[in-house]
J.: 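Can you read through this structure? Questions will come right after.
Throughout, protein chains are lettered first and strands after them, A, B, ... in sequence-line order, and every chain is numbered starting at 1. On a predicted model such as this, the values are computed, not experimentally measured, just so you know. Because only heavy atoms are used, hydrogens play no part in the values below, and waters and symmetry mates are left out as well, while side chains stay in.
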Amino acid sequence: MVITRFAPSPTGNLHIGGARTALFNFLYSKNQKGKFLLRIEDTDKDRSKKEFESQIISSLKWLGINYDDKEIYQSENISKHIEVAQELLRKKHAYKCYCLPEELEQERNQAVAKGLNYIYSGKCRNLKEEKNIPFVIRLKIEKNKNIILHDGVQGNVEINTNTIEDFIILRSDNSPTYNLSASVDDKIMNISHVIRGDDHKINAIKQIILFQFMGWKIPKYFHIPLIHSLEGKKLSKRDNASTTDDCKKIGILPVALRNYLLRLGWSYKDKEIFNKQESIKFFNLKNIGKSPSKLDFERIKSLNEYYIKNLDQKELFNYFIIFVNEFKKKIEEKYLKIIFQNLNILKNKAKTLEDIYNNSSFIFEYNQTLILKSNLINEKNKVYLNDFLEEISKIEVYSEKKIMEISEEVLKKNNIKFKEFGAPLRMILTGSSKAPSIKEIVEILGINETITRLKRYI
RNA sequence: GGUCCCUUCGUCUAUCGGUUAGGACACAUGGUUUUCAUCCAUGAAAGAGGGGUUCGAUUCCCCUAGGGACCGCCA
């Protein structure tokens with residue numbers, strides 16, 4: 001059975017890159033009718049935070065990336081990691097190293113100063129006697145041997161062990177290090193496919209060595225190229241809009257972000273839009289690209305716009321409510337009802353949920369500051385506006401046809417172009433020059449509110 | 001510095017050696033529209049450079065250049 005995993009360390013919010021890795025793992029496992037597991041790598045006690053952990057979990061949930069079983073905490077497996085370190089020691093695949101950190105630091109600095117590459121010299125490798133001082137356990141890596149990583153994305157990557165140091169697997173405080181923990185956990189969890197960022201490529205070699213020493217079956221590796229910022233560097237938390245929360249905050253729909261992430265570094269012919277079922281159905285590992293891709297926020301927004309335009313009214317409204325409740329001032333129930341009924345009009349100019357909120361604000365928050373500032377209203381057009389007011393006061397129920405007729409009449413009577421009367425009217429009714437068409441505004445506000453707003457300015 | 005990886009329009013990408021190198025976003029122009037948008041149509045826009053292999057290379061190989069990742073008692 002295919003079992004994949006996503007293994008974030010809770011030292012920061014979930015990143016776009018991490019989200020994509022999680023998505024690929026999720027989609028592949030589901031495509032193969034396998035399992036997708038979440039493993040929280042919380043062994044760095046200083047940097048791991050509960051808040052990041054729950055942020056990561058809720059972000060995955062928000063994106064619809066659902067993991068099987070309960071999440072697994074790496075810290076709970078530490079005793080097993082230590083056991084494996086001890087076993088490797090017994091089997092002489094590892095050794096105790098008594099070098100002091102300061103000592104090694106100095107060696108490293110010296111090497112760097114000379115412009116040389118530094119790796120641990122291995123001077124404790126063949127120590128005969130045990131010392132009664134603190135030690136770390138290092139893996140004894142066979143010299144001058146070529147290790148091949150059969151990578152599903154990168155092809156065969158061959159690396160000579162001379163470039164890999166005898167890395168530490170167990171610290172002097174008896175805590176396991178990353179490569180030990182990750183290997184052991186992957187083994188325990190029966191991970192069949194490791195799909196992760198290609199910053200882990202060298203780790204894969206180290207892990208393969210460890211797997212070989214233990215005689216375990218090596219999982220298949222897929223190292224996907226990293227996502228870069230527009231500047232072409234590895235995405236960091238400081239790049240704006242680089243976390244899923246950044247996207248959420250400005251009103252990106254999870255379905256849109258998911259779709260964007262799916263097509264970043266992966267493709268299926270010319271297909272751009274994938275719903276959840278399709279993404280599971282069509283996803284494969286062989287179509288993953290080999291080159292890094294840049295995060296393009298314009299593309300996220302345009303995909304978001306697509307989903308805003310095409311989602312069913314109820315579904316979109318639900319997303320909207322969730323967004324408003326989390327990030328905006330609460331909107332009164334009666335206004336929400338109006339927004340829901342007119343969503344198809346209000347979403348017209350929107351690329352994000354925030355845009356829908358702003359487009360709707362004239363309904364629940366009539367802001368008049370722009371009206372006077374705009375100088376749109378003068379004695380001349382007050383005449384037309386008054387004509388409009390008079391006519392509209394005569395009707396009781398809104399009808400598109402009626403509003404159009406009234407407008408036509410006003411234009412004809414005063415012999416003016418629409419703009420001369422439409423612009424000030426729109427401004428008075430909405431407090432903005434960018435709003436729906438007049439007939440739509442009247443429909444949204446209702447006849448009474450339209451009259452009330454008009455009367456204040458003529 | 002060492003090791004490894006990458007390179008098709010500005011961006012995401014398609015191309016299983018033979019294509020007028022396709023699509024999408026962004027951009028430009030025109031049309032629709034009662035503002036602004038939407039929508040529709042059209043357009044401009046790419047194989048890093050140099051060598052091979054081949055009847056034929058974007059595609060396979062080599063070199064160069066450019067970019068990136070990793071090199072912690074972090075994960």
J.: Classify Val157(A) by what it touches in the nucleic acid, base, sugar-phosphate, or nothing, heavy-atom distance under 4.0 Å.
T.: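 Sugar-phosphate: the residue Val157(A), judged by heavy atoms under 4.0 Å, touches backbone atoms but no base.
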J.: Whole Å only: how far is the CG atom of Asp198(A) from the C1' atom of G68(B)?
T.: 8 Å
J.: I need the NZ-P distance between Lys402(A) and U34(B), as an integer number of Å.
T.: 20 Å
J.: Is there a donor on the side chain of Thr177(A) or the base of C73(B) sitting less than 3.5 Å from an acceptor on the other?
T.: no
J.: Compute the ring centroids of His200(A) and Tyr178(A), then answer whether they are less than 6.0 Å apart.
T.: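 So the answer is yes for these two rings.
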J.: Return the nucleotide paired to G1(B): Watson-Crick means purine N1 to pyrimidine N3 with N6-O4 or O6-N4, wobble means G-U with N1-O2 and O6-N3, both under 3.5 Å.
T.: C71(B)
J.: Phosphate oxygens OP1/OP2 of A75(B): is one of them under 4.0 Å from a side-chain N or O of Arg47(A)?
T.: no
J.: Among the nucleotides G23(B), G72(B), A75(B), which one has an atom lying closest to any side-chain atom of Arg108(A)?
T.: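 Shortest atom-to-atom distance from the side chain points to G72(B).
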J.: Under 4.0 Å, heavy atoms only, any strand: does Met404(A) hit a base, just the sugar-phosphate, or nothing?
T.: base
J.: Any idea which of U11(B), C6(B), A69(B) is nearest the Leu226(A) side chain?
T.: A69(B)
J.: Is the base of C36(B) touched by the side chain of Lys349(A) through a donor-acceptor pair closer than 3.5 angstrom?
T.: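 Side chain to base: pair present.
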J.: In Watson-Crick or G-U wobble terms, both distances under 3.5 Å, what is the partner of A28(B)?
T.: U42(B)
J.: Under 4.0 Å between any heavy atoms, over every strand shown, what does Arg299(A) touch: base, sugar-phosphate, or nothing? Just pick one.
T.: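 Sugar-phosphate only.
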J.: If we check side chain to side chain donor-acceptor pair (under 3.5 Å) with Asp151(A), which of these qualifies: Lys220(A), His223(A), Lys201(A)?
T.: His223(A)
J.: Check every strand shown and say whether Asp173(A) touches a base, only sugar-phosphate, or nothing at a heavy-atom separation below 4.0 Å.
T.: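 It contacts nothing in the nucleic acid.
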J.: Using a 4.0 Å heavy-atom cut-off across all strands, classify Cys97(A) as base, sugar-phosphate, or nothing.
T.: nothing
J.: Measure CD1/Ile227(A) against P/G68(B) and give the value in whole Å, please.
T.: 17 Å
J.: Should Lys290(A) be listed as having a side-chain N or O under 4.0 Å from OP1 or OP2 of U13(B)?
T.: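 So the side-chain polar atoms of Lys290(A) never come under 4.0 Å of the phosphate oxygens OP1 or OP2 of U13(B).
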J.: C4(B) P sits how many Å from Asn162(A) CG, rounded?
T.: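 After rounding, the gap between these two atoms is 12 Å.
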J.: Reckon His228(A) touches a base, only the sugar-phosphate, or nothing at all at heavy-atom distances under 4.0 Å?
T.: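 It contacts sugar-phosphate atoms only.
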J.: Closest approach of Cys247(A) and Phe297(A), non-hydrogen atoms and distance?
T.: SG-CE1, 4.0 Å
